[in-house]
Structures are given as C-alpha cells and as structure tokens.
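Below you'll find the structure, written out as structure tokens, and then a few comments.
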Amino acid sequence: MAIIIDNNIETIVQGVTGTNAALHTKFMLEYGTKIVGGVTPGKVGQEVEGIPVYDTVMDCLAEHPNATVSSVWVPPRFAKDAILEAIDAGIKTIIVITERIPVHDMLYARCVAQEKGIMIIGGNTPGVISPGKALIGMLPKIAFQPGRIGTVARSGAVTYYVANSLNLAGLGESTSVGLGGDPILGTNFEDVLRLFEHDDETDAVVMAGEIGGVYEELAAPYIKEMSKPVIAYITGKAAPQGKRLGHAGAIIEGKMGTAASKIIALEKYGALIAQTLSEIPGLVKKTLGRDVS
Amino acid sequence: MAIIIDNNIETIVQGVTGTNAALHTKFMLEYGTKIVGGVTPGKVGQEVEGIPVYDTVMDCLAEHPNATVSSVWVPPRFAKDAILEAIDAGIKTIIVITERIPVHDMLYARCVAQEKGIMIIGGNTPGVISPGKALIGMLPKIAFQPGRIGTVARSGAVTYYVANSLNLAGLGESTSVGLGGDPILGTNFEDVLRLFEHDDETDAVVMAGEIGGVYEELAAPYIKEMSKPVIAYITGKAAPQGKRLGHAGAIIEGKMGTAASKIIALEKYGALIAQTLSEIPGLVKKTLGRDVS
Amino acid sequence: MRLYEYEAKRIFARRGLPVPPGVVIDRNSYQNLDKVIYPVVIKAQAFAGGRGKSGLIQFASDHTEALEKISNLLGQEHAGYTIDRVLVEQKITIKQELYLAVIIDRLEHRYLIMTSRQGGVEIEEVAQTSPQALLKYHLNPGSVIAPFMARKVASGLRLNGPLLNAGTELVLGLYRLFLGYDCKVAEINPLVVSDDDRLFALDAKVDLDEDAMYRHPDLKELGITARHEVGELTERERIAKRAGIPYVDLDGDIGVFPGGAGFGIAAIDLIQHYGGRPANFMDSGGAPTQEKLRTMLGLLLDNPRVKAIFGARFGGISRCDDWARAVVQYVVENRPTKPMIMRMAGNMEEQGRKIIEQAKSVHAEFFKKIKVYAYDMPIEEVIKETIRAAQEEKQ
Amino acid sequence: MRLYEYEAKRIFARRGLPVPPGVVIDRNSYQNLDKVIYPVVIKAQAFAGGRGKSGLIQFASDHTEALEKISNLLGQEHAGYTIDRVLVEQKITIKQELYLAVIIDRLEHRYLIMTSRQGGVEIEEVAQTSPQALLKYHLNPGSVIAPFMARKVASGLRLNGPLLNAGTELVLGLYRLFLGYDCKVAEINPLVVSDDDRLFALDAKVDLDEDAMYRHPDLKELGITARHEVGELTERERIAKRAGIPYVDLDGDIGVFPGGAGFGIAAIDLIQHYGGRPANFMDSGGAPTQEKLRTMLGLLLDNPRVKAIFGARFGGISRCDDWARAVVQYVVENRPTKPMIMRMAGNMEEQGRKIIEQAKSVHAEFFKKIKVYAYDMPIEEVIKETIRAAQEEKQ
C-alpha cells in the first residue's frame with residue numbers, strides 16, 4: 001500500500017465549484033481517483049463532472065460515509081474554516097491546495113488537527129500522487145511514473161522536475177508528496193520520511209527543500225535513524241536575504257532558513273546532497289547500488 | 001478526615017489585602033486554619049495578620065508548595081482571572097467568596113476547572129467549615145459545633161441558622177458547606193452529597209436549597225442511591241416570579257426553579273422535607289433513630 | 001434581565017441582524033407613526049407569552065386604523081404592568097416560520113444553539129410534542145463560533161442557496177451577540193423567511209446578565225438600564241437599587257429586615273408559614289454600612305402598608321455591635337411608632353446588647369414597641385411574635 | 001513584512017502601548033521638529049541591527065544640533081537603501097533595560113512570549129551567552145491571554161509595586177497587538193524603566209503577515225502598505241506587485257521566466273551553478289492568464305540589463321497551449337530582439353507546439369533567436385544554452 005493515498009481511498013473536494021478545483025476534479029477522476037462528493041456552501045444540488053455538490057462536509061459525509069480524505073481549494077480567507085469543518089466532520093487527511101493562508105489561521109488549524117490526530121498536508125501543496133493509483137491535487141500526471149522512489153518537496157514545479165529527472169533515468173515514484181510552499185505546514189519533511197521509511201513499496205527517498213523555515217533542519221536527525229537512503233536537493237543558494245521568492249514560506253529571515261544551513265544539517269546526518277536536478281537520479285542509483293525501476 | 005477541608009490542609013488567600021479578606025484572614029487564623037500566604041498583585045512584601053503577601057499565586061506557591069486550597073475574595077470583575085490563576089498555579093480546591101460574578105465568566109472558569117479536575121466552591125459561598133478543625137470563608141464560628149451531621153446550603157445565613165438549630169437541639173456538624181448564591185456554581189448539591197456519603201465522620205445530611213436553577217432537582221436521584229438519610233429544607237415558597245431575591249441565582253425563571261418543583265423532586269427520591277428551620281433537628285433525630293451529638 | 005422586544009431589536013440592529021423596519025411609540029411620540037410603511041403590525045411591549053391571543057398584537061392597514069389601535073393599547077394593564085409603548089413594524093409576508101436561539105444550558109454548563117423548523121410557537125411545546133424537531137448544538141463557554149459551525153446550524157434549518165449564507169451570517173451574528181453582550185438568552189422566535197426570500201427576526205428575546213452590564217456601556221446609549229429580571233421597579237425598589245440594597249415589594253404588612261439574602265428568602269416563607277404576610281424581600285448583603293442599615297429601616301418604616309417589623313442579625317461577616325448602633329441611631333432620630341421584633345446573635349453579640357440596653361435606659365419611650373432577642377430565642381418564635389404584633393396594630 | 005520603527009510605534013500608540021513622544025521627519029517635514037522637547041534622540045529609519053554602532057542613532061540637546069544631525073542622516077545610504085526618514089523622540093532617562101517579545105515559535109508551532117532582564121542587546125546573544133536569563137511562556141495559537149498570565153510574565157521580569165500592573169497591561173497589550181494584527185513578531189527591545197518609574201517601548205519591531213493584511217484595513221490609515229519582507233520595492237517590483245506577479249530584481253543579465261515559484265528558485269540556483277547570473281526571480285503563480293504571462297515577459301525584455309531569457313513551462317495546472325499562445329502574441333506584437341531559450345512540457349504540449357510552429361512559419365524573422373525545446377531536452381541543458389546566448393549578446 002502506498003503512503004497517504006492509495007487506489008482504494010474515497011475523497012471529497014472542498015470548494016469544488018471553483019474554476020481550478022473543477023478542472024482538476026476532472027483530471028483526478030481521469031486518473032482514477034475516487035472522488036465521491038464536492039462541497040460548496042449554497043450550491044447543494046449542483047454537479048461538477050458528475051460529482052454531487054453539498055452545502056457542508058457533514059451533509060456530504062452523510063451520503064458518502066467512507067470518504068476519509070479531502071482536498072481544499074477554497075480562497076485563502078476561507079481555508080481555516082474549511083479545514084476545521086473537515087476535521088469536525090470526521091475527515092482524516094486534509095490536502096490543502098490553497099496558498100497564502102494567513103499564518104495565524106494555519107497555526108490554529110494545525111493545532112486543532114494535531115490534538116485530534118488528523119493529517120494536514122499543505123497549505124500551498126501541489127498535492128500527493130501515488131503513480132498509477134491515485135492523485136489528489138494538481139500535479140500533472142505526465143511527470144510521474146510508478147516506481148520505488150519516494151519523493152517529498154516543498155514546491156510544486158520542483159516536485160515535477162525531480163520526478164521528471166528520475167523518469168528520464170528510468171526510475172519511478174512510489175508516492176510523491178508536495179509539502180507546500182506556505183511558511184506553516186501541516187506535515188513536514190520528517191513526517192513524510194517516517195512514512196516512507198515504513199513503506200515497503202519505497203526503496204529510497206528524494207527530498208527537495210528550499211530556503212525559508214527550519215523544516216529541513218528539523219528532519220535531518222531522523223535521516224540518520226533511517227534504513228533507507230535519502231538524497232536531498234536544496235534550492236535557494238542564489239537567493240537574496242529578506243525577500244519572499246514567490247512562496248510565502250520561501251524567505252531567508254535573518255540567519256534562519258538559508259540553503260547553506262539546510263545543506264549542512266542534512267549532510268551531517270547522512271543525506272546525499274544533489275547540487276543540480278540532473279545529479280539526483282545518479283545519486284539514487286549509486287546509493288541503491290543497482291538499477292531499480 | 002472531614003470532607004474538603006481538614007486541620008492539616010494549607011491554604012492561601014487571593015485578594016488578601018481587601019478589607020473583608022483581611023478581617024476574615026484574622027478570624028480564620030484564630031480558628032486554627034493554616035493560612036500560609038496571601039496574594040494581591042503589586043503588593044509583594046506586605047503582610048496581613050503576619051501572613052506574607054505575594055504578587056502572583058505562582059510566587060506564593062513557590063514559597064509554600066504544600067498549599068492546595070485557595071479562597072478568592074477579589075472583586076467580581078477579577079474573579080475569573082483569580083480562579084484561572086489558581087488553577088494554572090496548581091491549586092486543587094478553590095473557594096470563591098466573591099459574589100455576582102458574571103455568568104459567562106463563571107461558566108468559563110468552571111469549564112477549565114472541570115477539564116483539569118479542580119474543585120471550585122461558589123461563587124458567593126460563605127465558605128466551608130469542619131467545626132473544630134478548619135474554617136475557610138466567612139462563616140461565624142459561633143454558629144457551628146463539631147458533630148456528625150453534614151450540611152450543605154446555597155445561602156450563607158441559612159447555613160448558620162441550620163447549624164444553629166442543630167446545635168440548639170444538641171447536634172453538631174461534621175462539615176458545613178456553602179455552595180453559594182450565584183446562579184452558576186462550581187460545586188453543586190450532588191457533588192457534596194457524594195462526598196458526605198463516603199465520609200465516615202458523617203451520619204446524615206441536611207441540604208438547604210432555595211429557588212432558582214436546577215441544582216436541587218439534579219441532586220434528587222442520587223439521594224435514592226445514598227445509604228445516609230437526607231433532610232431537605234427548601235426556601236422561596238413565598239417568592240414572586242421573575243425577581244431576583246438578593247442572590248443572583250435566586251430567581252424563578254418561567255416555570256423553572258420554583259420551591260415546589262424542588263420539593264417534589266427531592267421528596268420523590270426519598271429526602272425528608274422540613275417545612276421550617278425548627279423542624280430540621282427533629283427530622284434528623286427521627287431518621288437516625290437515636291440521639292447523636 | 002429580560003429586555004423588551006424593542007430593546008432587543010435595537011441591539012439586533014446594532015449588530016446587523018435583520019429586523020423589520022419599525023418605530024417605537026409611546027404617549028408622547030405619536031409623530032413617529034409618520035415614518036412607517038403600511039400595512040403594519042402593532043406590538044404592545046410587555047413581558048408576556050402568547051401576545052397574539054391576548055390581543056397585544058394587532059394589525060393596521062392605514063394611519064387612522066393604526067392610531068386608533070395604538071391609543072387603545074397604550075395604558076392598558078397587563079399582568080400587573082401598564083403598557084407604555086408599542087412597537088410598530090412594517091408587516092412582513094411570511095413564507096416560513098423558524099426558531100433560533102442561543103442559551104446557557106444549565107444542566108451541561110455549556111452554551112447551546114437550538115433550532116427548529118417549527119417556529120412561531122412556544123419552544124417548550126415543540127420540545128414536548130416533537131423533540132426530534134429540535135436540533136441542538138453545544139459549544140464550550142467563551143469559545144468563538146467557527147463559520148462552518150454556523151453553516152451547519154443554518155443547513156440544519158434546511159436553508160439553502162442564497163438563504164444558506166444569509167442564515168449562516170445570522171447564526172454567527174446571534175451567537176456573537178449572545179457572547180458579546182453577556183446574554184443568558186438570545187432567541188428569535190419566529191425567525192421568518194419572507195415571500196421575497198429574505199430572513200427576518202420577527203420577534204426577539206434577550207435576557208442579559210445584570211452582573212456583567214458594566215462591560216457594556218453602550219447599553220446605556222440604547223436606553224437599557226438595570227431593573228428586575230422581568231418587569232419594572234416600584235418607587236421603593238428604585239430607591240433601594242440606588243442605595244445598592246436588594247429589595248422587592250410584596251403585598252403584605254410585615255416589614256422584613258434580615259441579614260443576608262438566603263435568610264431573607266427563608267424569612268418571608270416562615271412568615272407566610274405561620275400565617276403572616278411579608279411586605280417585602282430585603283438583603284443587607286455581605287457587610288452593610290451603618291448608613292445602609294438605616295436606609296433599609298427607613299424603606300420599611302416609611303411604607304404605610306407595613307404594620308410591624310421582623311428583624312434578624314446573625315453576626316458573621318457583619319458585626320452585632322455595628323448593627324445595634326445603626327438600629328439605635330435610627331430609632332433615636334426617627335422615633336418609629338411601629339413595633340419592631342428582632343433577634344441579634346453571633347459575632348460581638350455582647351457589645352451589641354450593651355449598646356441597645358444603654359439606649360433603652362436613656363430613651364425608654366422610643367423603645368416601648370422594640371424588642372431585641374438573643375441567641376437563646378429560636379428565630380421562629382420571633383417571627384410568630386411579629387405576626388401577632390402586626391395583627392394587634394391593625395385592630 | 002518588517003515595519004519601520006516609526007510604523008511599529010504608530011501601531012503601539014494606537015493600541016495604547018507606551019512609546020516616548022516623538023515625530024517623524026523627512027525632507028519635507030522639518031517643521032515637525034517644532035513639536036519636540038529636548039534633549040532628543042534621532043533615529044534613522046532603516047532595517048538594521050546595531051543602529052547605535054553604525055551612527056544611525058544620534059542625540060541632540062537643542063534645535064540647531066538636531067537640525068544639523070537630521071539633515072546629515074537624511075539621504076545617507078545604508079545597506080543598499082536610502083534613509084528617507086528619521087524618528088525624533090524625547091530622550092528618556094533609563095533606569096533599566098528589559099526585553100519583551102511575542103513571536104511565533106516555528107519549532108513548536110505555538111506562540112511564544114519571551115522576556116529577559118538583559119534588554120538592549122541582541123536577544124540571540126543573550127540566548128547564547130546566558131540562556132537562563134531568557135524566560136519563555138508558550139500559548140496555543142489563537143488563544144486569548146488571561147490577565148494572570150500577563151502578570152506572571154511581568155512578575156518574571158521582576159517588576160513590582162505599581163510597575164507590576166503597568167507591566168501586566170503592557171504584556172496584555174503587546175500580545176493582543178500581536179494577535180490582533182496577525183504579527184509574526186512583536187518585539188520591544190529595549191523595554192525601559194525610566195528614572196520616574198514608568199515603562200516605555202524605546203524600540204519597537206513588528207513583523208506582519210502580508211497574507212493577512214486584508215484583515216487590517218486600518219494599517220492603510222497608518223500609511224502601512226505591502227512591500228518586501230525587509231526593504232522597499234524597486235520600480236519593476238512595484239509594477240509586478242500591482243499585476244500580482246511575485247518578482248524580485250537581482251543583479252545579473254539572464255531574465256528568468258519560469259512556471260512556479262519553487263522552480264523559479266531552483267532556476268536562479270542552476271543559472272548560477274553553471275556560471276550565469278540571473279537578473280530576477282519570478283513566479284507565474286498557479287494558473288496565470290495570458291495577459292499576466294505577457295506582462296511577465298515585458299518585465300524581463302524591457303529590462304536593459306537583461307541579455308537573454310530562460311523560459312520553462314511544465315504544464316500542470318497551467319496548460320502548454322495557453323503558454324504558447326501568450327508567448328507568440330507577445331513576440332508578434334513586441335518583436336523582441338533578445339534571445340529566448342525555453343522548454344515547454346506537460347499538459348497540452350502537442351497543441352502548444354503546433355501554435356509555435358505555425359507562428360514561426362508565418363513570422364520567421366521574429367523567431368530567429370527564440371527556441372522552444374520539448375520534454376526530451378533536459379532542463380539544465382536549456383539553462384546552459386541560455387548562458388551561452390547571454391555571453392554572446394554581451395560581445
């Protein structure tokens with residue numbers, strides 16, 4: 001079984017009637033993801049790509065009691081409420097596509113989720129894909145192929161390029177997880193590394209971090225405990241200080257969050273550092289000592 | 001061992017520098033209660049009746065780590081904070097003398113206390129006395145004598161008159177508990193009945209209720225489970241509807257909280273009803289079938 | 001403290017909750033009627049359930065009809081109170097009547113949002129006849145309400161489409177009003193959907209916590225001040241309130257001068273039990289000053305209905321000597337002629353007794369009808385003697 | 001988003017936190033100096049630690065001295081930015097310097113109140129040299145602060161007597177400001193006790209969450225608008241911001257036109273890794289419109305420093321055909337002469353390729369220096385080619 005999502009999970013889409021959400025609902029369905037319902041307040045009775053729309057998550061789960069995963073596509077000012085609603089209704093995994101959620105909102109939602117043992121991924125995640133099984137989010141399916149390498153990254157496009165370079169080298173992904181570009185994340189590198197470590201469909205992990213925050217540094221000590229190799233690719237070496245680079249979380253604040261500090265920490269605990277995207281597949285193959293696909 | 005307070009407990013006084021609190025600190029000390037410290041913000045270094053004053057409960061407990069009981073005498077607008085402070089600092093029993101605490105404040109404090117397993121008595125309680133052992137609050141010692149009857153009442157003066165009539169008949173009290181006259185109480189009749197039921201120094205219980213709220217009705221079913229007799233005295237039969245009678249909690253709201261409804265409930269579950277104060281000692285003696293002192 | 005409908009609706013309007021456009025009219029403000037749009041509903045401002053059945057709610061389709069019905073209502077007596085004001089509102093055409101309230105659940109010690117699709121009737125009735133029609137949502141004290149929670153409530157009322165969002169806003173608004181004004185009850189019954197698919201609070205019931213009113217200075221701006229939980233104060237009650245003395249007028253002839261609220265309640269019971277009729281409830285509170293004690297005595301002795309005074313002091317917080325001093329000073333200054341039968345026990349009893357004995361020896365004539373018993377006299381005997389004294393006075 | 005000291009102090013003042021009386025002076029408001037009481041402190045408004053050591057904080061005892069020092073400071077360059085304003089404050093005589101801050105603890109994901117009796121120095125230093133001098137109090141996200149908690153914090157600073165209550169109010173106020181304005185940091189360093197036993201926030205550091213500024217319309221009243229986390233925007237950055245495009249000027253010669261912020265960061269790294277110099281960071285965001293894509297291209301091509309463009313589109317959320325259409329339209333309308341080396345892969349790649357091929361066949365002369373590679377061309381090869389193209393252009 002793949003981590004986080006698999007081909008047997010049932011999922012719902014919050015904010016399903018929005019343009020992006022509707023488009024990607026289509027893509028997800030095409031990929032085979034089991035979307036059972038959508039939620040947009042005030043729009044009960046409508047359909048999106050044949051999926052029924054409900055006013056509340058509670059109403060939706062009343063009709064589809066097996067849904068355990070939700071993706072959240074609502075505008076940032078409604079994201080906190082959408083997450084809290086999902087938790088209240090009994091959703092177990094919440095994949096938050098919405099970007100630029102106010103920091104205090106996300107801290108609060110994260111706190112509630114943690115108290116109740118709920119997994120939040122994101123905000124500003126491109127989503128999660130277990131190639132050939134299920135896709136939740138807006139990752140382009142063309143960038144991924146089934147395989148035995150787990151990948152985890154902060155950024156969406158980097159997630160695609162990492163998988164792309166693995167695929168071009170004949171490797172594939174067990175699951176690819178986008179943590180998200182926002183500064184406060186529901187799930188961080190260490191959480192996902194732990195999942196991959198215990199996943200028997202994964203042989204090695206590629207983690208792609210970027211400037212800002214301390215999630216990479218925090219994960220470093222766990223890498224030493226892992227039985228599986230970790231290849232790390234950190235971006236932002238050329239980044240200026242004190243300026244957000246697109247992602248709300250991608251900023252060097254004072255001495256915190258530089259690419260150098262992350263690389264030093266990861267290397268210290270045994271991660272193999274890739275300087276470029278193109279180095280990644282070579283390092284994976286070298287560390288596994290064999291050709292895997 | 002008596003219920004709630006005994007001669008070995010150490011106690012502190014919040015709001016100790018107020019006129020009433022200072023006076024009753026004197027009376028409590030004279031009675032033998034072990035007051036180890038007082039708290040009034042901004043007054044560290046002062047003394048009240050030889051007791052040192054601290055700025056915060058935390059500071060006080062740092063010096064007197066064995067104190068487990070606090071009495072709260074601060075003005076109503078500070079009561080919630082004083083209770084929360086006591087809970088935060090690790091106090092286990094909080095006796096709230098302050099009256100007319102805003103309802104929402106008391107509900108909140110009660111909720112926090114309950115989550116943490118802390119006992120609040122009051123607000124607007126005259127206090128608790130275990131005659132001959134300890135007194136916390138402002139009960140006049142002259143009204144009480146050691147004995148084997150537990151008493152519990154909403155009102156202060158009624159607590160005195162009940163004990164007074166027991167004493168005049170040669171009976172005495174194991175512990176007398178004032179629940180308080182405010183509408184939201186930290187501890188209610190049932191809680192105290194349970195304590196008396198399991199107290200081997202108590203043979204029978206006198207409970208004195210009054211109009212307003214439903215605490216008497218809620219306690220009634222437990223009386224049936226008790227092995228000890230309960231004599232109930234309920235006041236407010238002559239009270240008009242919709243008017244607060246002195247105590248914030250003493251009001252008949254719609255059909256709720258009448259003396260009649262309380263008496264019917266209590267009688268149904270086996271309490272003996274005293275129509276007047278003077279009937280109480282006779283009923284106690286009759287039900288115990290002997291002369292106890 | 002229960003508000004009149006028009007007061008509750010002023011708070012609603014301030015918080016942006018939808019109420020029908022309307023004006024308040026009393027005997028001096030008939031001109032407000034010029035501002036209404038007909039047809040109108042005329043609602044007598046009184047604390048009464050079932051106002052419709054009692055004729056306290058009327059309809060008018062033009063100015064003449066409205067004027068006639070209003071002047072008819074103003075001044076009417078209802079359940080002991082005079083109707084001083086009516087609320088005149090534009091008539092809303094009702095498509096559906098719902099129920100929405102936020103209250104304190106006294107059993108659970110939590111907040112409770114209650115809704116029902118059966119609005120416009122007494123909610124207690126609904127609770128008894130069809131409890132499944134009542135939806136309940138609990139919240140912890142002090143907690144904010146998340147919008148999704150409000151939406152759940154609105155959705156439970158089966159509001160949908162644009163009405164779902166309007167309903168969500170209304171639930172949010174009512175809950176925040178409940179929390180923000182320290183309410184014990186904030187109820188809308190009926191909450192109506194109009195024929196043009198809008199929501200209106202057709203009636204509004206708000207019950208404030210008098211002890212928290214200091215936190216809400218804006219209530220004064222809205223003309224809302226402290227009074228009885230339900231109903232207006234009498235003249236004596238107003239005087240007492242100003243002096244900080246809990247005091248309620250009753251219709252008997254025995255003035256009650258107790259110490260402490262709880263025993264005050266017991267005292268009026270006992271007087272009634274032994275065949276007397278109390279003239280009042282009173283509470284001296286924790287530790288009354290001498291001045292306050294004298295005001296209290298004045299309230300009783302100046303009341304023409306009062307024939308005799310029952311007094312009791314169990315010196316606890318308060319001291320017997322202070323009490324005795326106040327009584328003596330009042331008696332010497334005011335020379336009351338009504339009998340006063342009292343008991344004094346507790347802290348500083350001996351000192352108090354000396355003060356009274358000395359005053360008696362100097363001013364024997366003022367103390368002819370005044371008795372002050374001690375610890376050994378059961379309180380109920382004192383009550384019985386007061387009842388006898390009152391009966392003698394009447395003859 | 002880091003505020004200038006004077007902006008932070010305006011928020012402090014609005015919330016009733018004690019700041020020394022002072023005025024802000026720029027080149028056009030020297031007259032404000034008439035309002036100050038001497039002696040004064042003159043503080044250059046710049047984002048820099050250790051302003052004292054860099055001469056950015058000066059003192060003056062009269063008007064002449066103040067004028068001279070201010071005109072000296074205004075216009076100075078500091079760490080890449082011009083000093084446009086000074087804050088002139090009445091000088092406070094300091095008895096004691098303390099430290100107080102509310103921040104987000106990124107490890108614990110909770111709020112953190114930090115205090116130290118060693119104020120006026122960098123707190124990181126205190127944390128390293130005497131960690132026991134740093135007191136920490138955690139609170140859960142979104143939770144209100146109880147007054148007793150604030151008192152505990154003030155008491156931990158060993159404030160007592162009347163200062164304890166002033167300190168309690170200050171902690172309450174700072175925490176509420178932190179929560180109320182969606183701050184990431186609200187810091188007072190030093191918090192001083194003056195010789196007359198009053199508390200003052202002598203310096204103020206506030207870091208706002210730009211993504212929550214929509215909740216605080218009053219910031220605009222205070223003249224506070226969105227900009228870089230630290231520092232002002234360049235002209236191009238301002239244009240980009242208005243168009244909703246994350247864009248940061250760098251000092252190289254290769255314009256970067258990526259899709260997605262994360263790969264934008266990777267791209268400037270890779271350009272540098274292979275010996276090139278990026279001219280900018282840019283992010284097209286989730287699913288950019290064609291108009292936005294054209295604005296982005298314009299920002300790069302109109303920049304005289306830019307010699308060549310590196311472009312990349314991995315069609316995910318966004319589609320290759322939309323991207324191709326935007327590129328073609330821009331090229332046809334603006335006929336850029338700089339080389340553009342790009343790669344397009346992903347969703348709707350085939351359709352996109354057709355659009356470009358067709359345009360090339362019609363307008364071959366505009367596309368001479370433009371290449372659009374496909375899925376099979378590794379992205380780093382595209383970067384290397386762009387670097388070569390830029391070098392050729394320079395010659």
Side-chain angles (χ1 to χ4, degrees), chain B residues 19-20 23-24 76-77 99-105 107-108 110-111 114 126 138-140 142-143 153-161 164-165 168 181 183-184 208 210-211 213-214 218 235-248 250-251 253-256 259 275-278, chain C residues 2 47 49 104 106-107 109-111 124 140-142 179 182-184 207 209-212 214-215 228-231 246 248 250 258-274 278 281-283 285-287 312 314-317 345-347 349 375-376 378-381:
Chain B
T19 316
N20 263 323
L23 178 66
H24 287 280
R77 66 184 68 193
E99 68 176 309
R100 295 197 167 242
I101 299 168
V103 164
H104 286 256
D105 286 6
L107 281 170
Y108 182 78
R110 195 185 187 286
C111 181
Q114 202 149 46
M138 55 193 189
L139 303 135
I142 192 180
R154 297 248 299 274
S155 149
V158 169
T159 301
Y160 319 155
Y161 281 104
N164 192 201
S165 60
L168 288 174
I184 304 296
E210 66 188 30
I211 50 163
V214 290
L218 285 178
T235 63
K237 292 186 276 265
Q241 202 261 0
K243 289 172 183 167
R244 293 216 279 192
L245 297 188
H247 288 155
I251 174 167
E253 297 166 291
K255 288 159 195 159
M256 192 180 84
Q275 294 298 330
T276 64
L277 281 165
S278 56
Chain C
R2 173 83 183 271
F47 303 112
I104 291 168
R106 295 283 286 266
L107 307 186
H109 290 99
R110 296 171 77 197
Y111 301 156
E124 289 83 1
N140 277 339
L179 200 58
D182 280 282
C183 296
K184 295 188 286 186
D207 202 342
D209 179 6
E210 200 192 316
D211 295 332
Y214 69 88
R215 291 203 271 236
H228 278 312
E229 284 292 301
V230 179
V248 176
L250 303 173
F263 182 66
I265 301 171
I268 60 176
D269 270 12
L270 289 168
I271 289 170
Q272 198 160 285
H273 181 81
Y274 289 111
F281 163 83
M282 185 152 67
D283 171 16
F314 210 123
I317 337 144
N347 284 341
E349 178 175 340
Y375 187 82
D376 53 355
I379 191 70
E380 290 168 26
E381 295 306 316

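As the structure is a prediction and not an experimental result, all values here were calculated from the model.
In this structure, C:Glu124 has no side chain to side chain donor-acceptor pair (under 3.5 Å) partners at least two apart in sequence or on a different chain. Listed by chain and number, the residues in a side chain to side chain donor-acceptor pair (under 3.5 Å) with B:Asp105 are C:Arg215 (sequence neighbours excluded).
Of the possible polar contacts, none joining the C:Glu380 side chain to the B:Thr276 backbone as a donor-acceptor pair under 3.5 Å is found. Counting only distance, with no hydrogens or angles, the side chain of C:Asp209 and the backbone of B:Pro102 share no donor-acceptor pair below 3.5 Å.
Contact annotation for C:His109: both backbone and side-chain heavy atoms come within less than 4.5 Å of a heavy atom of chain B. Both the backbone and the side chain of B:Leu277 come within less than 4.5 Å of a heavy atom of chain C. C:Leu270 touches chain B through its side chain: at least one heavy atom from C-beta onward sits under 4.5 Å away, while N, CA, C and O do not. At a 4.5 Å heavy-atom cutoff, B:Pro126 makes no contact with chain C through either its backbone or its side chain. Of the two parts of B:Leu168, only the side chain, counted from C-beta on, holds a non-hydrogen atom closer than 4.5 Å to a non-hydrogen atom of chain C. For B:Leu245, the parts lying under 4.5 angstrom from a heavy atom of chain C are both the backbone and the side chain. With a threshold of 4.5 angstrom between heavy atoms, B:Arg100 approaches chain C through its backbone and through its side chain. Neither the backbone nor the side chain of C:Ile271 comes within contact range of chain B; no heavy atoms are under 4.5 Å apart.
Shown here for C:Val248 and B:Pro240, the closest heavy-atom pair between the two residues is CG1-CG, 4.2 Å. Closest approach of B:Ala238 to C:Gln272, counting heavy atoms only: CB-OE1, 3.3 Å. Closest non-hydrogen pair, C:Phe263 versus B:Ala157, comes out as CB-CB, 3.5 Å.
Under the 4.5 Å side-chain criterion, counting only non-hydrogen atoms from C-beta, B:Val103 is not in contact with C:Asp182. For the pair B:Ile184 and C:Arg106, the minimum side-chain heavy-atom distance is below 4.5 Å. Taking the side chain as every heavy atom from C-beta outward, B:Arg244 and C:Glu210 approach each other to under 4.5 Å. At a threshold of 4.5 Å between non-hydrogen side-chain atoms, the residues C:Ile265 and B:Ser155 do not count as touching.
Defined by atom type and a distance below 3.5 Å, a donor-acceptor pair is missing between the side-chain atoms of C:Asn140 and B:Tyr108.
In summary, B:Arg77 and C:Asp211 do not engage in a salt bridge, as defined by a charged side-chain N under 4.0 Å from a carboxylate O.
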What do the steps show when you test C:Phe314 against B:Asn164 for side chain to side chain contact (heavy atoms under 4.5 Å, CB included), and what is the final call?
-> CA-CA 10 Å; C:Phe314 210 123; B:Asn164 192 201; 3.4 Å; yes
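Taking the six-membered ring where the residue is Trp, C:Tyr111 and B:His104 present tilted rings, their angle falling between 30° and 60°.
Interatomic distance, CZ of C:Arg110 versus CD of B:Gln114, reported as 10.5 Å (0.5 Å rounding).
Looking only at heavy-atom pairs under 4.5 Å with chain B, the residue among C:Pro378, C:Ala267, C:Ala266, C:Ala212 that has the most is C:Ala266.
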